[in-house]
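One structure is given here, and the rest of the page talks about it.
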Amino acid sequence: ASTECTLTIKDSDDETVYTETHTFDAAGAHFFYITLNPVEVNAGTESGGWSETGAAPADTYSFTITAGDDTLLSGNFNF
């Protein structure tokens, strides 16, 4: 069965700056690939504030990956 998963990234002000949704059709490992370039550089389901600034600014970010109401993975990163 296919599962729709969403990656959401928020900045240190808790503002959503990036989202991407993908439907996975098979069991096994899966991943999201993000770039720090402006969003419009990448075609797909991405959206967020990085496109407004030209690139992702240095900050501390939080992320969640969800499938429906279930959180599959969450954490923090900075750059």
Side-chain angles (χ1 to χ4, degrees):
S2 62
T3 301
E4 184 176 276
C5 296
T6 300
L7 166 65
T8 303
I9 298 175
K10 295 183 177 189
D11 63 16
S12 59
D13 293 325
D14 204 35
E15 296 290 326
T16 299
V17 295
Y18 186 91
T19 60
E20 182 175 350
T21 300
H22 187 76
T23 300
F24 297 102
D25 296 324
H30 301 291
F31 62 91
F32 284 96
Y33 173 84
I34 64 167
T35 179
L36 305 182
N37 293 322
V39 169
E40 69 267 6
V41 171
N42 305 306
T45 62
E46 308 91 351
S47 65
W50 288 346
S51 62
E52 299 165 7
T53 61
D59 201 352
T60 299
Y61 295 89
S62 63
F63 73 92
T64 57
I65 299 174
T66 57
D69 292 331
D70 296 327
T71 297
L72 306 177
L73 184 66
S74 63
N76 297 299
F77 64 95
N78 53 36
F79 54 84

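Index from 1, following the sequence.
Interatomic distance, CG of Asp70 versus CD1 of Ile65, reported as 13.5 Å (0.5 Å rounding). Here Asp14 contributes atom CG and Ser62 contributes atom OG; the two are 6.5 Å apart, rounded to the nearest 0.5 Å. Expressed to the nearest 0.5 Å, how far CG of Leu7 lies from OG1 of Thr64 amounts to 7.0 Å. For the atom pair Asn76 CG and Ser12 OG, the distance stands at 10.5 Å (nearest 0.5 Å). Atoms CD and CG, from Glu4 and Asp25 in turn, are 11.0 Å apart once rounded to the nearest 0.5 Å.
Inter-residue side-chain proximity for Thr8 and Thr6 is flagged as met; some heavy-atom pair is nearer than 4.5 Å. Residues Phe79 and Asp59 form no side-chain contact, since every pair of their non-hydrogen atoms from C-beta on lies 4.5 Å or further apart. Side-chain contact between Lys10 and Val17: absent, with no pair of heavy atoms (C-beta onward) separated by less than 4.5 Å. Counting only heavy atoms from C-beta outward, the side chains of Ile9 and Phe77 approach each other to under 4.5 Å. Put simply, the side chain of Leu72 reaches to within 4.5 Å of the side chain of Cys5, judged on heavy atoms.
Separation of the Tyr18 and Tyr61 ring centroids does not fall under the 6.0 Å cut-off.
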